[in-house]
Novice: 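Sending over a structure as structure tokens; questions will come in a sec.
Residue numbers start from 1 in every chain, and the chains themselves are labelled A, B, ... in the order their sequence lines are given, proteins ahead of strands.
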Amino acid sequence: MSAPKIQLTGVKKAFGEQIVLDGVDYALPAGESLVVIGGSGSGKSVLLKCILGILKPDAGSIRIDGVETAGARGEAREAVLKKIGMLFQGSALFDSLPVWENVAFRLIQGQGMERKEAKEVALGKLAQVGLGPPVAELYPAELSGGMQKRVALARAIASDPEIIFFDEPTTGLDPIMADVINDLVVASVKKLGATTISITHDMASARKIATKIAMIYGGKFIWTGDAKNIDRSGNAHVDQFIHGRAEGPIQMAVRRP
Amino acid sequence: MSGLLAPIGRAFLDALAALGRLALFAGTAIGHMGRPPFYPRLIARQMIEIGYFSLPVVALTTLFSGMVLALQSYTGFARFSAESAVATVVVLSMTRELAPVLAGLMVAGRVGAAMAAEIGTMRVTEQIDALTVLSTDPYKYLVVPRLIAGATMLPLLVLVGDIIGVFGGYLVSVYKLDFNAAGYLRRTWDYLEMIDVVSGLVKAGAFGFLVALTGCYHGYHSKGGAQGVGQATTNAVVSASILILVFNYIITEMFFAK
């Protein structure tokens, strides 16, 4: 059996006294699409930022293609980042750059590609997510939320990464646009053959884009399995979450009337 | 008694810690200046933003400062018949103090605030995280171009401000106070030494660096959405203004202390 593409072992992260990740273990094989589900504040985004190297875990190991990346710096970190694309929750497009330059950003700044050539690639990626050349010259503030997500997806796949992270890809979109984005995510990932990790609250999205699902609760993965088995998890926490019930083992910190 | 002193001590320690964090940030940024990749387009853009677009506000400030200075020193010196010193006072005050300090404060209000707001917004909307993921060092891409532009453009602004300030003094002296134009200019030139101009330009370089540094620092560490960005903007202007006044004394001491 080949080594996992991404391997997490005992990953811990706390902010002061608040323990957010309390020993996360998981091995994700290449080509799989993992969706991490869990409530607000359960540590999904922190986990993603630890894998990306934006946050440094307090303990544990994060390996990508067998190479330790937790706390990696300089060229080692560069080498890992070159394999990664990311779609941020709020799209995180650069306001000061037109759409095509956002998409081509890594090609120009990171890989030193000529602007003209990079623009051609960007236009191709924009076409892949259903956006035509006129959109390429607009600025992010001139786009709707759905179009911004498409541009962010085009930017995430622009350098043909081996690994893509999706942070709440459908948050803030209407159900139809959310489904369009889900289809684009699935199509893009399939075309690239990439390994992906997504975090979402949206179960419709999770069911569509995942091959594997993990539920995070109390800083740990309390259930992991194939996406097709999510409805037969046998885990009360998972059942409560996927059916969106207020009653159950997960108690939200809200004051009852 | 300890209840009274404890908050003062805590505030002092907090201020020292903040200064330490600012120094570390500056050290990291300076460390990135000498290593590629370099972003000449971004440096040029910041130079235009800081230098060209600050020119009107600096010109107006120094023009009126020079005019007021001539008027005030004339009415003051008239009490002991030393009106002839007006030209010298105007040129020395403008080149050594007023042009660099006023330009520094104006640029802190205009550019430092804008830097903090722009970088702060990038922080809270995850654009800085996006830069990192896209293999681009935020220090090199965002901070270094602003520091270079700040440190190089403020001396140029001050040089222009020196000339405009002296011209303001000339206008008031010649057209309102009936000074002889040629005599005023000769006195301006005769008593001006190279060190007067150079000290002002060195101050300007330091102030430009400080304005950019505090703008970038507070923006880079802002958090909590719109309120956090607003707070970062305020902090950037206040801390830049304080540092400008502190460093003004330090540099003056370096150049002119006996």
Novice: Side chain from CB out, backbone as N, CA, C, O: work out which of these in Arg41(B) comes under 4.5 Å of a heavy atom of chain A, or both, or neither.
Specialist: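 Only the side chain of Arg41(B) comes within 4.5 Å of chain A.
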Novice: Flag yes if more than 12 heavy atoms outside Phe167(B) fall under 6.0 Å of its CZ atom; otherwise flag no.
Specialist: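 No, not enclosed.
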Novice: Are any non-hydrogen side-chain atoms of Phe165(A) and Val133(B) less than 4.5 angstrom apart?
Specialist: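 A side-chain contact under 4.5 Å is absent here.
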Novice: Among Ala92(A), Ala156(A), Pro161(A), which has the most heavy-atom pairs under 4.5 Å with chain B?
Specialist: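 Going by pairs under 4.5 Å, I would pick Ala92(A).
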Novice: Count the heavy atoms of every other residue, nucleotide or ligand shown that sit under 6.0 Å from OH of Tyr141(B), and state whether that count exceeds 12.
Specialist: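 Yes, OH of Tyr141(B) has more than 12 neighbouring heavy atoms, counting only those of other groups under 6.0 Å.
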Novice: To the nearest 0.5 Å, what is the distance between OG on Ser96(A) and CZ on Arg45(B)?
Specialist: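 Going from the OG atom of Ser96(A) to the CZ atom of Arg45(B) covers 5.5 Å.
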Novice: What part of Phe94(A) is in contact with chain B, defined as an atom under 4.5 angstrom from a non-hydrogen atom: side chain, backbone, both or neither?
Specialist: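 Its backbone and side chain both get close to chain B.
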Novice: Could you give the distance from CD (Gln109(A)) to CG (Leu131(B)), rounded to the nearest 0.5 Å?
Specialist: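 Interatomic distance, Gln109(A) CD to Leu131(B) CG, rounded to 0.5 Å: 9.0 Å.
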Novice: Has Gln227(B) got more than 12 heavy atoms of other residues, nucleotides or ligands less than 6.0 Å from its CD?
Specialist: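 No - once you tally the heavy atoms of other residues, nucleotides and ligands closer than 6.0 Å, there are 12 at most.
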Novice: Side chain from CB out, backbone as N, CA, C, O: work out which of these in Asp167(A) comes under 4.5 Å of a heavy atom of chain B, or both, or neither.
Specialist: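 It is the side chain, since no backbone atom gets that close.
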Novice: Which of the residues Lys82(A), Gln89(A), Arg155(A), Met86(A) is involved in the greatest number of heavy-atom pairs with chain B at under 4.5 angstrom?
Specialist: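 Of the options given, most contacts go to Arg155(A).
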Novice: Tell me if the CZ atom of Phe15(A) is crowded by more than 12 foreign heavy atoms within 6.0 Å.
Specialist: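 Yes, CZ of Phe15(A) has more than 12 neighbouring heavy atoms, counting only those of other groups under 6.0 Å.
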Novice: Within the structure provided, determine whether Glu126(B) and Lys49(A) are in side-chain contact (heavy-atom separation under 4.5 Å).
Specialist: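 Answer yes - side chains close enough.
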Novice: What distance do Lys83(A) atom NZ and Ser135(B) atom OG have between them, rounded to the nearest 0.5 Å?
Specialist: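 The NZ atom of Lys83(A) sits 12.5 Å away from the OG atom of Ser135(B).
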Novice: To the nearest 0.5 Å, tell me how far Leu134(B) CG sits from Gln111(A) CD.
Specialist: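 Output value for this atom pair is 10.5 Å.
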Novice: Given that the side chain runs from C-beta out, which part of Thr132(B) has a heavy atom under 4.5 Å from chain A: side chain, backbone, both or neither?
Specialist: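 Contact with chain A is through both the backbone and side chain of Thr132(B).
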Novice: Counting neighbours of CZ on Phe64(B) that are heavy atoms of other residues, nucleotides or ligands and sit closer than 6.0 Å, is the number greater than 12?
Specialist: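 No - once you tally the heavy atoms of other residues, nucleotides and ligands closer than 6.0 Å, there are 12 at most.
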Novice: Among Ile128(B), Thr121(B), Asp129(B), which residue has the highest count of heavy-atom pairs closer than 4.5 Å to chain A?
Specialist: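 Most heavy-atom pairs within the cutoff with chain A belong to Asp129(B).
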Novice: At a heavy-atom distance under 4.5 Å, which candidate from Val80(A), Ile84(A), Leu93(A) has the highest pair count against chain B?
Specialist: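 Result: the option with the highest number of such pairs is Leu93(A).
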Novice: Decide yes or no for Asp95(A) and Glu118(B): does some side-chain heavy atom of the first lie under 4.5 Å from some side-chain heavy atom of the second?
Specialist: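 Side chain of Asp95(A) against side chain of Glu118(B), heavy atoms only: no contact under 4.5 Å found.
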